[in-house]
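Below, each value reflects all heavy atoms present in this structure, side chains not excepted, and no hydrogens, waters or symmetry copies.
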Amino acid sequence: MNPPNSNLRAFALTVQTLLQTPAQFLPHLTIPSITHLPEQLGPALQANTTTTTTTTTTTTSQEKISIRALVLDKDNTLSSAKSTTIPAPIYQKLHDLRASPTSPFNQAAHPDAILIVSNRAGSHPRYDAEIRELEDRLAPLRIPVFRLPPACAKKPFCDAAVVDWFRARGVVSRPDEIAVVGDRLGTDVLMAARMGAWSVWCRDGIADAVRRAPERNLLEKMELWVERYLRESQGLKAPPPTPR
């Protein structure tokens, strides 16, 4: 049995995606960190919607994008890896999203509109203490941590369970009303693609929010290179979510 923190299936899915449908490895919107996340996310995604032109037809997304729910990664998106300490600029951003009267994620009007989905906190009982610490820190904002159901695999394979969580609470009726926000292409962006949701890539993780240079491991550096290659050299763009 693999240890709880391994995710070899996600790596295999990344390779399969790059070989078969590489555009799905690309995010719909790229921002330096979550502090740059637009409150009105739908129009920002609308501006980046792919327009495909062929010799016979032009296809443009005409339907207005409405984002009613946010899935937030934890490690290197909200806090450093293996930590529950949220930097002040990021906490302020979460507060603004929950407190602004015009925000689709306002906690009074839409209490279940934000969910943290992590491949650490909530993924295994060994991290239960981390869940409690994180939810205690976020208690004023009422942002919960997703508990992985029994027999459900970690990101990006918990896509259906996450959609069900929002549907059960009446937050969304369709997966394309959800945006997945995180720093990893091979888990966060690919989960959004599997869900039929929109993806927002926090390219520099928390580094931008705390004004320091990003510290990337080898896999993260590879993702950065592949994203740039697909976008700049191959001219690919993330396709709109596939209805599910």
Side-chain angles (χ1 to χ4, degrees), residues 1-34 45 48-50 52 71-78 80-82 116-124 127 146 148-149 151-164 175-176 178-207 214-244:
M1 179 181 296
N2 291 329
N5 62 348
S6 68
N7 205 355
L8 296 178
R9 284 184 64 200
F11 180 78
L13 178 64
T14 294
V15 174
Q16 179 184 352
T17 300
L18 291 174
L19 291 174
Q20 298 179 354
T21 54
Q24 288 192 339
F25 193 71
L26 297 174
H28 295 105
L29 180 66
T30 298
I31 56 178
S33 74
I34 196 172
L45 289 165
N48 279 3
T49 300
T50 303
T52 305
V71 172
L72 304 183
D73 176 46
K74 183 188 83 71
D75 290 340
N76 203 35
T77 301
L78 299 180
S80 298
K82 303 180 182 179
I116 295 172
V117 181
S118 170
N119 272 352
R120 185 176 167 89
S123 69
H124 192 274
Y127 303 127
F146 182 68
L148 203 66
C152 184
K154 297 189 294 186
K155 290 189 300 184
F157 303 103
C158 59
D159 49 296
V162 173
V163 174
D164 288 345
D176 63 356
I178 303 171
V180 179
V181 183
D183 72 303
R184 296 299 306 276
L185 300 173
T187 52
D188 302 309
V189 169
L190 286 190
M191 183 174 75
R194 287 174 58 89
M195 291 168 68
W198 297 89
S199 57
V200 180
W201 182 37
C202 298
R203 183 192 58 225
D204 299 329
I206 68 168
E215 298 177 3
R216 295 185 171 95
N217 60 33
L218 179 60
L219 189 57
E220 291 165 345
K221 290 177 181 177
M222 289 177 62
E223 286 190 349
L224 196 70
W225 181 86
V226 170
E227 186 274 340
R228 184 181 299 118
Y229 171 76
L230 294 176
R231 177 173 45 83
E232 295 182 358
S233 299
Q234 299 299 305
L236 296 180
K237 291 185 178 181
T242 302
R244 304 215 172 177

Q.
Less than 4.5 Å apart, side chain to side chain, heavy atoms only: is that true for Cys202 and Ile31?
A. yes

(Q) When you measure from the side chain of Gln24 to the backbone of Ala193, do you find a donor-acceptor pair of N or O atoms at a distance under 3.5 Å? (A) no

Q: Output yes when Arg216 and Asp204 qualify as a salt bridge under the 4.0 Å nitrogen-oxygen rule, no when they do not.
A: yes

**Q.** Minimum heavy-atom distance Ser199-Pro27, with the two atoms named
**A.** OG-CA, 3.3 Å

Q: Indicate yes or no: at least one non-hydrogen side-chain atom of Asp188 is less than 4.5 angstrom from one of Lys155.
A: yes

Q: Could you check Glu220 against Asp183 for side-chain contact (heavy atoms from CB on, under 4.5 Å), going step by step and ending with a plain yes or no?
A: CA-CA 9 Å; Glu220 291 165 345; Asp183 72 303; 4.2 Å; yes

Q.
My understanding is that only residues two or more places apart in sequence, or in another chain, count here; which of them pass side chain to side chain contact (heavy atoms under 4.5 Å, CB included) with Asp176?
A. Arg174, Trp198, Pro241

**Q.** Within-4.5 Å side-chain heavy-atom neighbours: Arg184 and Leu219
**A.** yes

Q) Looking at side-chain heavy atoms only, is the closest gap between Thr77 and Leu72 below 4.5 Å? A) no

Q) How long is the span from the CG atom in Leu190 to the CG atom in Asp159, to the nearest 0.5 Å? A) 10.5 Å

Q) What closest approach, in Å, do Pro149 and Ala161 show between heavy atoms, and which atom pair accounts for it? A) CG-CB, 4.1 Å

Q) Relative to the ring of His124, is the ring of Tyr127 parallel (under 30°), tilted (30 to 60°) or perpendicular (over 60°)? A) perpendicular

Q: Would you confirm whether Asn48, through its side chain, and His28, through its main-chain N or O, come within 3.5 Å as a donor-acceptor pair?
A: yes

Q) In Å and rounded to the nearest 0.5 Å, what is the CG to CG distance from Leu26 to Leu230? A) 5.0 Å

Q | pair Lys82-Asp75: side-chain heavy atoms closer than 4.5 Å | A | no

Q) So with a 6.0 Å cut-off around CD of Glu215, is the heavy-atom count from everything else above 12? A) no

